[in-house]
Amino acid sequence: MPDALPSNFIRNIITEDINVNKNDGRVHTRFPPEPNGYLHIGHAKAICLNFGLAAEYGGLCNLRFDDTNPSKEEVEYVDCIKADVRWLGFDWGDREYYASDYFEQLYQYAVQLIKAGMAYVCDLSADEIREYRGTLTEPGKDSPYRARSVEENLDLFERMRAGEFPDGSRTLRAKIDMASPNLNMRDPVMYRILRATHHRTGDRWCIYPTYDFAHGQSDSIEGITHSICTLEFEDHRPLYDWFLDALKIHHPQQIEFARLNLTYAVLSKRRLLDLVERGHVTGWDDPRMPTLAGIRRRGYTPESIRTFCERIGVAKRNSTVDIAMLEHCLREDLNKRAPRVMAVLRPLRVVIDNYPDGKVEELEAVNSPEDPSMGTRKVPFSRALYIETEDFREDPPKGFFRLSPGREVRLRYGYIIKCVDVVKDLKSGEVTELHCTYDPATKSGSAQSGRKVKATLHWVSAAHAIEAEVRLYDHLFLKPNPDDVEGGADWRSNLNPNSLVRLTSCRVEPSLAAAAPGSRYQFERLGYFFVDPVDSSSAAPVFNRTVTLRDTWAKVEKAQRKR
RNA sequence: UGGGCGGUCGCCAAGCGGUAAGGCCCCGGACUUUGGAUCCGGUAUCGAAGGUUCGAAUCCUUCCCGCCCAGCCA
């Protein structure tokens, strides 16, 4: 099965490992988030990779929370992370683990290293440790406590655990090489004294292992075969290897890949938090956020995210994927599954002068041209309708196919109409109403319906339409690279002031009265919309624009404007 | 300037000595009662320079550029 999938360097490694029967041909991965924030699309890449690889090779993938820093982690995050991974479509069975489950084992490992003379208790302060570490170009120097006896180290470490020393007063360090060109090998800290209540172990511990001392061993304990992580841990691999070899325990293979970057977006926990705290967005689940919670509320499907993650591939090169790629995967999925419906966002009243007053026809509309099995529905047609304001131009530019004085267009599923009069507001000059005539012989499906017109417009019957709020979302940033700023300014100056446009008097066709929160539709000619699961109600429906349709006219117009 | 890792089309990304996959974007065109979808077609000699070889993106050398590392964060 793996052969059918696109090649990438990780698959190559695993395939080769299986060929030489490494780990008895077993593949076991894990997704190891720290429960200190929300998952975003970048994590989705790691999730799809780890769970995907395990599934492809008939292996398993664990969900493990790397909760070694109680001062930053909370149980709420654990719950959100689990919900997000599940939403993406992955299942970790009963293998929900926590690094904190291994605290006692990790402590014993530390004791083992002390006994082997490979770790020591150091009394240097944080600042002193930094000074002793040296710099990128100069070697560090040995801590004065480096030569303590095994007995003394054992005693001190035990007393650290017992709470005899204040926070930060001592650490347990690995005795490696203060002159190593790899700073991670300059006697890294393994344990620190930290009196903080842990979300799982409470106050049982006052010393906590560092990530560096916990991660590799946690993988080892779980029998992980391939520890897939991001590039910045490449420098740490020699350290993890050192611990594993010193401890003589199962040795997973670490493989590093480049984390995802997206254009028109920001993807770091720090910046995401900043956006939330400064109120640039309404919260972690704001539909403009690249968090899984935000993306979900925007209306993205998990399937589209999974195919996106598959298509962008995996490599070691730092890269920024065009958000158009994500949007393409989304449209591709939604095109297949979203029922079509008509909605007018900015209504312009149209009166069909020669259509009998009071008459109502129920026109048959197809729910999806992509999938006939989705059936049809009835849409009421009457004398007074609404069309999209931007579908009429009194003075049509070149290439504008839609309605204008004297011109004909088809109303989708209805008739061909011709604009015969334009009513304007005397003061503002704004077009407030159109008068048209219809040709009864052009009804959709009838013999003469085939007459060619340049455009087909969506519409809604004024008397039958439902009022709704529509939230138009756009990229959060104006530039592909938010960091592309003029001197002095910062990335926030690139925030798109129009990333959210709320339209409160939209009109949607009556069939949408039954639209359930969380359901998706294509508003014909406009885009894909999602019934907001939080704010929408049958009394006051709210639709989020997930993504627009591809719009070639918009492109033409943009090009014309430039000229 | 120490160490680690990268540099193949505008953006991702295959390729592993035999003469540059694919996707996105973009540009044409066909079709179309969504200017949607779909369908055709178009666009790179592989960071640079040397070298090895019948033959190199793939091997060697040197150089250039980018990213990461000096948390008791992960």
Side-chain angles (χ1 to χ4, degrees), chain A residues 6-8 12 32-34 36 66 68-69 71-73 122 124-126 129-131 133-140 167-173 180-186 188-194 207-208 210-212 214-215 229-238 256 258 263 269 310-329 331-332 335-336 340 342 366 369-370 399-402 409-414 416 442 444-445 449-458 480 522-527 548-556:
Chain A
S7 158
N8 68 48
N12 293 161
E34 181 191 12
N36 73 339
D66 271 336
T68 54
N69 186 354
S71 61
K72 290 187 177 176
E73 296 147 7
C122 181
L124 254 25
S125 68
I129 285 185
R130 191 179 316 120
E131 285 164 27
R133 188 156 31 224
T135 67
L136 292 179
T137 51
E138 303 157 44
D167 284 9
S169 61
R170 287 179 222 256
T171 57
L172 180 72
R173 299 225 259 162
S180 172
N182 180 347
L183 303 217
N184 294 121
M185 302 298 270
R186 320 244 261 225
V189 170
M190 295 162 60
Y191 267 91
R192 70 276 217 189
I193 302 173
L194 178 62
I207 58 172
Y208 290 94
T210 57
Y211 173 85
D212 278 347
H215 191 80
C229 64
T230 45
L231 255 27
E232 66 270 29
F233 295 106
E234 231 160 354
D235 284 342
H236 296 239
R237 188 176 6 137
E256 309 85 6
T263 56
K269 274 183 189 172
E310 187 56 57
R311 282 189 197 162
I312 57 175
V314 200
K316 301 193 70 157
R317 178 191 332 187
N318 294 108
S319 62
T320 301
V321 175
D322 193 335
I323 198 162
M325 176 81 102
L326 212 209
E327 293 169 344
H328 171 264
C329 295
R331 291 190 184 105
E332 182 181 60
N335 177 47
K336 284 181 297 188
R340 266 108 247 231
M342 291 197 284
V366 161
E370 302 295 318
F400 184 84
F401 301 156
R402 281 107 100 149
V409 294
R410 172 173 289 284
L411 291 181
R412 177 121 219 203
Y413 302 121
I416 288 176
T442 59
S444 283
S449 68
R451 178 140 59 98
K452 292 289 180 201
V453 284
K454 288 275 229 175
T456 298
L457 307 187
H458 61 276
Q522 182 196 99
F523 287 180
E524 291 211 37
R525 304 208 307 132
L526 297 173
T548 60
L549 251 26
R550 277 187 68 225
D551 190 347
T552 35
W553 166 241
K555 266 179 219 162
V556 172

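Proteins get letters first, then strands, A, B, ... in listed order; numbering begins at 1 in each. FYI, side chains are in, hydrogens and waters are out, and symmetry mates aren't considered; it's all heavy atoms of this structure.
Less than 6.0 angstrom separates the ring centroid of A:Trp553 from the ring centroid of A:Phe400.
Of all nucleotides listed (B:U33, B:A70, B:C24), B:C24 comes nearest to the side chain of A:Met325. When each of B:G3, B:C67, B:C5 is scored by its nearest atom to the side-chain atoms of A:Lys316, the top-ranked nucleotide is B:C5.
Nucleotide B:C69 holds its P atom 14 Å from the CD atom of A:Glu256, rounded to whole Å. Residue A:Ile416 contributes atom CD1, which lies 11 Å from atom P of B:U33 at whole-angstrom precision. We find that CZ of A:Arg186 is positioned 9 Å from C1' of B:G3, with the value rounded to whole Å. Rounded to whole Å, atom P of B:C12 lies 18 Å from atom CD of A:Glu310. Per the geometry, CG belonging to A:Asp551 stands 11 Å off P belonging to B:C26, to the nearest Å. In this structure, A:Arg311 atom CZ and B:C24 atom C1' are separated by 9 Å, rounded to whole Å. The distance between atom CG of A:Leu526 and atom C1' of B:A37, rounded to the nearest whole Å, is 16 Å. A:Asn182 has its CG atom 12 Å from the P atom of B:C69, to the nearest Å.
Using a 90° window around 0 for the glycosidic torsion, B:G17 falls outside it and is classed as anti.
By the side-chain hydrogen bond (donor to acceptor under 3.5 Å, both in side chains) test, A:Glu332 is found to be paired with A:Arg311, residues two or more places apart in sequence or in another chain being considered. Judged as a side chain to side chain contact (heavy atoms under 4.5 Å, CB included), and not counting sequence neighbours, the contacts of A:Thr135 are A:Thr137, A:Glu138. In this structure A:Glu524 satisfies the side-chain hydrogen bond (donor to acceptor under 3.5 Å, both in side chains) test together with A:Arg412, A:Tyr413, sequence neighbours excluded.
The base of B:U34 is not paired with the side chain of A:Thr456 by any donor and acceptor separated by under 3.5 Å. The base of B:G6 has none of its N or O atoms less than 3.5 Å from a complementary donor or acceptor on the side chain of A:Asn318.
Judged by distance alone, the side chain of A:Asp322 and the main-chain N or O of A:Met325 form no donor-acceptor pair under 3.5 Å. At distances below 3.5 Å, at least one donor-acceptor pair connects side-chain atoms of A:Asn182 with backbone N or O atoms of A:Asp235. Between the side chain of A:Thr456 and the backbone N or O of A:Leu411 there is no donor-acceptor pair closer than 3.5 Å. Although no hydrogens or angles enter the test, the distance criterion places no donor-acceptor pair under 3.5 Å between the side chain of A:Arg133 and the main chain of A:Leu183. Here the side chain of A:Thr171 pairs no donor or acceptor atom with the backbone of A:Arg173 at under 3.5 angstrom. Here the side chain of A:Arg410 pairs a donor or acceptor atom with the backbone of A:Gly414 at under 3.5 angstrom.
Among the atoms of the strands shown, base atoms are found under 4.0 Å from some heavy atom of A:Phe400. When heavy atoms are screened at a 4.0 angstrom cut-off, A:Lys454 is found touching no nucleic acid atom at all. In this structure, A:Thr320 reaches the sugar-phosphate backbone alone: every heavy-atom distance under 4.0 Å involves primed, P, OP1 or OP2 atoms, never a base. Looking at heavy-atom distances under 4.0 Å, A:Gly399 makes contact with a base. Among the heavy atoms of the strands lying under 4.0 Å from A:Arg402 is at least one base atom, whether or not backbone atoms are also near. Looking at heavy-atom distances under 4.0 Å, A:Ser319 makes contact with sugar-phosphate atoms alone, never a base. Among the heavy atoms of the strands lying under 4.0 Å from A:Arg340 is at least one base atom, whether or not backbone atoms are also near. Residue A:Tyr208 is classed as having no contact, given no heavy-atom separation below 4.0 Å to the nucleic acid.
Across all strands shown, B:A13 has no partner, as no Watson-Crick or G-U wobble contact with both distances under 3.5 Å is found. Base pairing analysis places B:C26 opposite B:G42; the two distances defining the Watson-Crick or G-U wobble pair are each below 3.5 Å. Remark: B:C59 base-pairs with B:G51. Criterion, Watson-Crick or G-U wobble with two distances under 3.5 Å. With both pairing distances under 3.5 Å, B:U33 is matched to nothing as a Watson-Crick or G-U wobble pair.
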Inset, instruction - Using a 4.0 Å cut-off on protein heavy atoms (strictly under), produce a 5'-to-3' string for nucleotides 38-46 of chain B with B for base contact, S for backbone-only sugar-phosphate contact, and - for none. - result: ---------
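The nearest heavy atom of RNA chain B to A:Leu183 and to A:Leu136 marks one nucleotide each, and the one closer to the 5' end goes with A:Leu136.
Rounded to a whole angstrom, the distance from the C1' atom of B:C59 to that of B:A21 is 23 Å. Taking atom C1' in both B:G50 and B:C39, the straight-line distance is 48 Å, to the nearest Å. With both ends at atom C1', the span from B:G17 to B:U58 equals 6 Å, rounded to whole Å.
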Could you go over nucleotides 14-17 of chain B and give all protein N or O partners under 3.5 Å, atom names and distances?
residue	atom	partner	partner atom	Å
B:A14	OP1	A:Val314	O	3.2
B:A14	O3'	A:Ser7	OG	3.1
B:G15	OP1	A:Ser7	OG	2.3
B:G15	OP1	A:Asn12	OD1	3.4
B:C16	N4	A:Asn12	OD1	3.1

Pairs under 3.5 Å (N/O, protein and nucleotides 72-74 of chain B):
residue	atom	partner	partner atom	Å
B:C72	OP1	A:Arg133	NH2	3.4
B:C72	OP2	A:Arg133	NH1	3.1
B:C72	N3	A:Gly168	O	3.2
B:C72	N4	A:Leu124	O	2.9
B:C72	N4	A:Ala126	N	3.0
B:C72	N4	A:Gly168	O	2.9
B:C73	OP2	A:Arg192	NE	3.1
B:C73	OP2	A:Arg192	NH2	2.8
B:C73	O3'	A:Arg192	NH2	3.4
B:C73	O2'	A:Asn69	ND2	3.2
B:C73	O2'	A:Lys72	NZ	3.4
B:A74	OP1	A:Thr68	OG1	2.6
B:A74	OP1	A:Arg192	NH1	3.4
B:A74	OP1	A:Arg192	NH2	3.0
B:A74	OP2	A:Tyr211	N	2.9
B:A74	N6	A:His236	NE2	3.3

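Taking the side chain as every heavy atom from C-beta outward, A:Val189 and A:Ile129 approach each other to under 4.5 Å.
In this model, no donor atom of one side chain and acceptor atom of the other lie less than 3.5 Å apart for A:Thr210 and A:Asp212.
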Legend entry - Residue pair A:Lys72, A:Glu34: steps toward the salt bridge (charged side-chain N to carboxylate O under 4.0 Å, His left out) verdict: CA-CA 9 Å; A:Lys72 290 187 177 176; A:Glu34 181 191 12; over 6 Å; no
